[in-house]
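Presented below is the structure to which this report refers.
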Amino acid sequence: MGPPSVTVGIIANPSSGRDIRRLVSHASVFPTAEKANMVQRVLAALGALGVPRAVMMPDLTGICANVNRAKGRLHASPGLAWPELEVLAMPNEESIRDTLEAVARMVEREVSVIVVLGGDGTHRAVAAKCGTIPLATLSTGTNNVFPDLREATVTGLAAGLVALGRVPPEVALRRNKLIRVTSSSGVPEEIALVDVCVSNLTHIGARALWQPETLSELVVAFAEPDAIGLSSIAGLLRPVSRDADHGLYLRLAPPRSAGLLATLAAPIGPGLVAEVGVATIEDLAPGRSIRLRTSTGTIAVDGERELEIAAGDCLVATLTNEGPYTIDVPRTLSWAAANGALHATGPPQLSGSAHRQRMLADADTGVAPSTKEEMR
Amino acid sequence: MTQLSKAQLLQAYRTMRTIREFEERVHAEFATGGIPGFVHLYAGEEASATGVCMQLRDDDYIASTHRGHGHCIAKGVDPIEMMAEIYGKVTGSCKGKGGSMHIADLSKGMMGANGIVGGGGPLICGAALAAKYKKKGGVGVCFFGDGASNQGTIFEALNLAAVWNLPAIFIAENNGYAESTSSTWSVACDNIADRASAFGMPGVIVDGFDFFAVHEAAAEAVRRAREGGGPTLVEAKFMRYFGHFEGDAQTYRGADEVKKLRQEKDCLLRFRNRVTSSGEVPAGELDAIDKDVLALIDRAVAQAKADPKPTAADLVTDVYVSYS
């Protein structure tokens, strides 16, 4: 059993997976019901490990409502035990501010791990507030680079093992890189977990970028050759892993124009393999700043236009090693396998009449199951 | 994802400003008792009608709603004739016999405001089917609200448009409330746009307070329809500034809700801040448009008040259409 104070936070962004990429490309649609199912799978894994408490961000679109309904039906599934689940009592604006506020409250409560369901944008918002609390990342859709596209039960197990201290942090955690975008005078404007891209489009508009001819500069924290999105341009030329301590800076140009380093076909969006011209590419060491050349246009962070450049502005991108900690799920579970962290000990658990009676009694009194000894 | 020229930016601002001024004035005039019937105002929603209709030609059709003034203005219907129509005068768009909820102008492709919630969907399928037969790249756009999104007519229209691969665009204007019922309660799925997948069409959500977001999404949806790619559902999320109808006490809304929206989200304010800070348009040119529009609406109201009403004999005209 973990110490009673151990709490896992859960952020599930209700609005991820709905933007214009559903129209301009064939990006996946991720229904709320599936997000709610994923949360339940995470809770089942946390509960099975004996994590005593979980707190969740509220939403008005039905994720929490679905999860709460399932909680009310738990007595019908005697093999399942959840942590005691609390939905944060906080105002709901149905905007990114909800995520920022919920993470701030989770930090205040000193949660051990935050499980995040969303895309690159959701993870960026969480990263802005989570400090050194490790994140267990889950991609809701196929359109993301930073979070893992993985079965939630498995991520939930890794999150639980880390939260309970059953796998050491030096094994389980990775410190990520981060790109800060600041004004030339140093005023912070935005952060990016994957890439910063300069576009000549003058307005944020529908946010996504999908036309390569509008792109001029690209800064990436890491570049995986099997990634989707803008960072794939760099990844297909000079791969940089998440663990490498440098990033890359690329200048882009019209495909097949004179003097290019390369013109390559890159999957810049789901279903969108486009020709992109790369003029220069160079390593970017942590702490080094790149003064972005543009004076008009927009800056996209992790693929979405977020900053409109006002006339006369000058922006600077700086790579740092101060990104969020994330749980490396394969590494965590490999260590768990090698060290028997999931070996069953003690009497058989999660079944039998005593357990079932207790769950039914808890359901009748409206109290969430709190005793984990029998279940472990 | 086209870049807008300065002329287009000015046009967008003029259209949004005209809608706003028109609605604010109707709001004020309605309270004095001078306007017959019911009016439902579009203030706060200007970016939606404007962003969509700027992508359309005169031979493209739109079907509107009971909250139709903004769609009319954005599609090019004359605000002077509209005001006369609302006042029930013979100089109105429909000779004073339609009123606020039935303003139509087929020469501009405006098939009519519509008192029937969800009535526009089937209409626009007809218009889109005609456009498909004519093969001139025409499209039909159905504006409907969150209340209408729960009506069978809209589901039928989405299905028909998908089955026949019609050049139709469905713009769900989710303004927060169906009369007094919150859409977060009454729409069973989380987003109206999510329903698109059930009909095999793309569904996207845009910030309906942001002209540029609407304009971009509409551009892609219209392009897709013109090129034979079939229908699209776009959900614009925003909140209306006035009640469901004029006279609605709005007891279902928070006390500062509208005040906050006007300060933080307003589409005109955001547009102005953006195009002036980017250096695309000097503020003075926007101020000049404000003045022009004010004068136009002053004139529209003065003329509407002075113009004559239809006579009893007009009751039996315009009842049947001759196809010969």
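Order of the sequence lines fixes the chain letters, A, B, ..., with proteins taken first and strands second; residue numbering starts at 1 for each chain. Keep in mind that the numbers below use all heavy atoms, side chains included, and drop hydrogens, waters and symmetry copies.
- Without hydrogens or angle criteria, E235(B) side chain to I192(B) main chain gives a donor-acceptor distance under 3.5 Å.
- Using modelled atom types, no side-chain atom of E45(B) and backbone atom of M239(B) make a donor-acceptor pair closer than 3.5 Å.
- Between R41(A) and E34(A) there is a salt bridge, since a side-chain N of the basic residue sits under 4.0 Å from a carboxylate O of the acidic one.
- By number of non-hydrogen pairs under 4.5 angstrom with chain B, the leading residue of V24(A), T202(A), T32(A), T61(A) is T202(A).
- S48(B) and I171(B) make their closest contact through OG-CG2, 4.1 Å (heavy atoms, listed as atom of the first residue, atom of the second, distance).
- Per-residue heavy-atom pair counts under 4.5 Å with chain B were compared for D59(A), I63(A), L23(A), I309(A), and the maximum is reached by L23(A).
- Counting only N and O atoms by type, the side chains of Y241(B) and N175(B) include no donor and acceptor under 3.5 Å apart.
- Taking non-hydrogen atoms and a 4.5 Å limit, the residue list of residues 91-101 of chain A in contact with chain B, ordered by number, reads E94(A), R97(A).
- Although no hydrogens or angles enter the test, the distance criterion places a donor-acceptor pair under 3.5 Å between the side chain of E46(B) and the main chain of G44(B).
- Proximity to chain A is limited to the side chain of E280(B), based on heavy atoms less than 4.5 angstrom apart.
- The aromatic ring centroids of Y42(B) and H71(B) lie less than 6.0 Å from each other.
- The pair R305(A)-E216(B) counts as a salt bridge, with a side-chain nitrogen and a carboxylate oxygen less than 4.0 angstrom apart.
- Heavy atoms of A217(B) lying under 4.5 Å from chain A belong to its backbone as well as its side chain.
- At a 4.5 Å heavy-atom cutoff, A196(B) makes no contact with chain A through either its backbone or its side chain.
- Scanning for ring-ring contact (aromatic ring centres under 6.0 Å, His included) contacts around Y177(B) gives Y252(B), with sequence neighbours left out.
- Comparing D207(B), D190(B), V206(B) by how many heavy-atom pairs each has under 4.5 Å with chain A, the most go to D190(B).
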